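Worth saying up front: this structure is predicted, and the values here are computed from it rather than measured.
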Amino acid sequence: GINAQKQQLKGTDKLQTVKETHTMRWGVKCDTRLFGLIDPKTGESQGFDVDIARAVTAQIAKDQGTTIKPEFTPVTTNSKIQLLKNNQVDAVAASMTITPERAKVVDFTKSYFPAGQSILVKKGSPVTSIRDLNNPKYTVIGIMGTTALDTMKKFAPNAKVIAMPDNSQALSALESGQGDAITTDNAILYGLAQQSHDTQVVGKPFTNQPYGLAVNKGQASLRKAVDRALQETIDNGTYNRLIQKWFSNIPGLDWRELTK
Amino acid sequence: MSAIIKFKDVDKYYGDFHALHDINLEIDAGETVVLIGPSGSGKSTLLRTINGLETIQKGSLVVDGADVSSSQTNLNQLRTDVGMVFQHFNLYNNKTILENIMLAPRLVLKRKPEENEKIAQQLLKRVDLSDQAPKYPAQLSGGQQQRIAIARSLAMDPKVLLFDEPTSALDPEMVGSVLSVMRDIAKNSDMTMLVVTHEMEFAQAVADRVIFMADGRIMEDEHTDTFFAHPKSERARKFLSQVEHH
Amino acid sequence: MSAIIKFKDVDKYYGDFHALHDINLEIDAGETVVLIGPSGSGKSTLLRTINGLETIQKGSLVVDGADVSSSQTNLNQLRTDVGMVFQHFNLYNNKTILENIMLAPRLVLKRKPEENEKIAQQLLKRVDLSDQAPKYPAQLSGGQQQRIAIARSLAMDPKVLLFDEPTSALDPEMVGSVLSVMRDIAKNSDMTMLVVTHEMEFAQAVADRVIFMADGRIMEDEHTDTFFAHPKSERARKFLSQVEHH
Amino acid sequence: MSGAFSTSNVQYLLKGLGVTVGVSIISIIISFIAGSVLGIILYEKVPYFTKTVRLIVNTIRNLPLLLIIFFTYFALPKLGVELNAFSATVFAMSVFEATMVAEIIRGGLLSVGIGQTEGALSTGMNKVQTLWYIILPQALKRSIPPLISQFISLVKDTSLATAIVLPELMFRSQVIYGQNPKYMVPMFITIAALYFVVNYSLSLLAKWFDKRLV
Amino acid sequence: MIDIFTQNWQTILNGFWVTILSSVIGLVGSLLLGTIFALLELAPSRSLRIIGTAFVEFFRNIPLLVITMFFYVVVSSSFKIGGFWSGTIGLILYTSAFIAECLRGGIASVDAGQMEGARSNGLTYTQAMTHIVLPQGFRLAIPSLGNQFINLVKNSSILSFVAGFDLMYQANVISGANLDPFNTYIIVGILYLLITASVSWVVKRLENRIGKEVIR
Ligand SMILES: Nc1ncnc2c1ncn2[C@@H]1O[C@H](COP(=O)(O)OP(=O)(O)OP(=O)(O)O)[C@@H](O)[C@H]1O
Ligand SMILES: Nc1ncnc2c1ncn2[C@@H]1O[C@H](COP(=O)(O)OP(=O)(O)OP(=O)(O)O)[C@@H](O)[C@H]1O
Ligand SMILES: [Mg+2]
Ligand SMILES: [Mg+2]
């Protein structure tokens, strides 16, 4: 019955399944500018994560000598690991920071994006760095389920904290004055700054939180295939083209720093 | 004696339906009048126009000097003088028996609490239900409820009392006690009573006059003895035979 | 003639409430028996045990050879032989008059459509309502509905017909027509009839026997003439005086 | 045309309306059928069985629908039941609304009144015939207005599926105003109007039935 | 399953209290507002009736989530209200429309004879309404009001959409961390059942007490 089926699923080699079904199911963000944001024109998520997932899928297909179609399921910060664990997706490319905690439950590839935590404030705010926020009169906005809030508490233990379900709500919370700063990965903050012209990212990133692609535990062959494909996209210049495509016209960011 | 209720050429419609046709009727103060007729003949409608529960569309209706059909008339004032007893009692479900009797005198007549309670207790005694004062209506039998409804009307000291089939929702054994309270009022007070009923024995015993209605019209209006001895119309004869002998 | 209904030492409880005490009663096929008594005395309960709408807790009750108290007995089978007419008619609101009459014969007796309709039309004629066949119950007067309910029972061609106050929910003018249908059945068929009613004139005219109940007990069980001429118990005398003379 | 109501935004939003209506219709059909069966079981008092069904129905009725949606989407896969956002929503809504429908149908059956049952039994019809030919048709007719009200709730509750990223109306409005905060007010007005039109039409239908039934 | 509770009991309990607090504020607020809506709907003046009906129909026919998000993302930019109040205000507005309907139904099901009896007894319309009809209407509405209060508790999970820190929100946080949604949601479900069952119990008792007084 159900249990036997479950055993079977666990034992299945995902890479094999991907090859057999000619599809690879990716979890990508739907609400994160630059990485994974739904475009109403197509109804699909678009961004750096999505393009990387596409490139990696194409590379795997090439490596395995078959055709593989990428399939995208929108995930939230809250649900991405659960969906991976539940086998509802094969891999995740969802601006997900590599942490030891997460590494216990999922397997990461090597980093594909050098993210780090930073803060976004309203233009003209007296806050210019994370240190300034260490004061009970300030409220810092974080995103539910991300690691950013825990980290922030180490740098500014006295600040008050609220968590929002997603980025766009965090931004409107900042704009409506419910908080004084948003803290999360700098890359996301650049997306927000691009979107809302009276905000800016201030200070240098104060952490090192590289993003990785993730697959479920026990899928060594899939992880290796993804890792290898990722390296190949870097080697053949596809990676740098995608960096340029998404990050070249963000004011204050030198996209060349990101290339590999 | 002058007429306390005076219908002149009254017509009443429910929407398009012509419920009362050209009613002309005078009832003198102190009279006891019984209204009979088949179902749907307009008895309830006629009764309910008298205290303004239904409005009339044509003619004039004067009750105790007040023109009921005029929008100037204060119906609340009129209704303190015209009590009504319903087929389904309509006691206040959320009030005790005593409160049922005392509420309107307190709110409308501003009767003092002690006097109000004294009168209420006397009335309870008169309808033989002194021991039920603290109960709620739902705890009484139908016959008891109807006697309380009569007491509640009497508490306002009205000049006219209207009864709409006061015994027809009652179990047969309950009917007697209610009729005997009504008989008592008819004999021992100068109240004007207008009673819709199917109890022919009661009508014969208590009424001064009988009015027979059919199809929204008054067909006969006679002294009680005359009516029962020699009903003029075929309709009335047929009705009487149906009601009396099954 | 042998008894078609036979109560032996029957007791019936509603939870803790003792509704029928030690009932012993035999009714012969073809008899017409009237059951009277004050409200709550157990008349309806007794009637309803006969077709198994209520279960008994003690004693035995045999109807048409079937032991109603036994769980082996097929009640559906029994009920095809024992019809019942209710105070509130209980016609099927979602079926036309004709369908009301034809439904059970079709489903239960598997009567052929043409024959079924023929019989239904005859019965409609017998209760004088041939023209109402396509209407729904809500479109008829109470008296008409009750006559249809009788026709519906007759359509199953039962051996026993039970009536529970068939006229007490009716307007007085409607009562006559229903009683005359019942009288017709009593006189012109060999049906066994058991009738709960407050219509004393009807009882006197039609019943072979009268049973008087009080407090869940059978107090008297007499020939009709004997009962009305000389009621034995004080309770029965009081009841008769209350019901007959208000 | 650009701005909040650019052609692509309008198309995107209308597709969301399609998803909302689609989820609603499928859930309505499933919950009506399942709920009717449950309602009859609750009404008929089958020994033990009814008690069990009653317990399950009461439990589900008293939980937040949102919890049931999350449970279906995130927890049921642990039992090997894999569902995407669409089927998880349909499943959760159907289960939850079926218990609501069950209670309505039971109420409808009870409101028909014991007299109809007794009338039918007394003509020799058995319990199943009585239920099928006499009680159920009347009960269903009486249940129509409260059922429609319940289905209005269902339509509204589909918006909760934004939580598992079902691209229905509410979710899509968030995507659009995620592009530009200036689109927020127009988007709220638009989706409020869309939901209102759908649901108010349904409630007018309920009122019409209400009038016809008395 | 027990260890989920022992490891997160503080978080869970916080959420539990927020859910109860929001429900209680929602109950009081929606009862008040709902009564006002109902009275508007029944008012003798036509324009008041239209206003009452418009309010009720509007809030009844759009999702609670739309109302709540509107307060959270639009209203909060002018008035500083957080997730808790956005959610709770949404709850109050939404529920009050349903409560107005319950009360209207309760008043409508008071036997017309009660009004006629009171009017014939000499009471004015207002007196008859306040002393006889309204009190009975409220009592008759108790079962359906009880249902609305249970819905209110369940609907308070809307706070989780707007970071209201209620039980549902905390359930998501916990299950996102321990990756055991199965047991986490079961525990939280039991807590919700605890609240809704208590509300049912209180309503049943109220019904019984009043049932003794007014048997219909
Ligand atoms: N509110 C109403 N709206 C429309 N028609 C009505 C209304 N009240 C009564 N009628 C109709 O008016 C006619 C007279 O009704 P009324 O109640 O006065 O008769 P009645 O003589 O009291 O009959 P009954 O003996 O059955 O009480 C009937 O045909 C009835 O259907
Ligand atoms: N389903 C029931 N559950 C509990 N008690 C009942 C039930 N049905 C009847 N009773 C009680 O049993 C007693 C006898 O009731 P029954 O209906 O047989 O009386 P009745 O003689 O038919 O009275 P009526 O003339 O009012 O119809 C009454 O006290 C009644 O309250
Ligand atoms: Mg009348
Ligand atoms: Mg009876």
Residue D:K207 excluded, over 12 heavy atoms near NZ under 6.0 Å: yes

Atom group of D:S159 that falls short of 4.5 Å from chain E, counting heavy atoms: both

Main-chain N/O of D:R61 paired to E:K154 side chain as donor or acceptor, under 3.5 Å: yes

Per-residue contact mode, E:L179 against chain D (heavy atom under 4.5 angstrom): backbone

Pair E:F182 and D:F71, ring centroids less than 6.0 Å apart: yes

Residue pair D:L160 / E:I158, side-chain heavy-atom distance below 4.5 Å: yes

Any E:I62 side-chain heavy atom under 4.5 Å of D:N199 side chain: no

Pairwise distance CE(E:M69) to CD1(D:I191) - rounded to 0.5 angstrom: 9.0 Å

Side chain to side chain, E:P63 and D:M170, heavy atoms closer than 4.5 Å: no

OG1 on E:T184 to CZ on D:F74, rounded to 0.5 Å: 12.0 Å

Part of E:I150 within contact of chain D (heavy atom distance under 4.5 Å): side chain

Non-hydrogen side-chain atoms of D:L67 and E:S157 separated by less than 4.5 Å: no

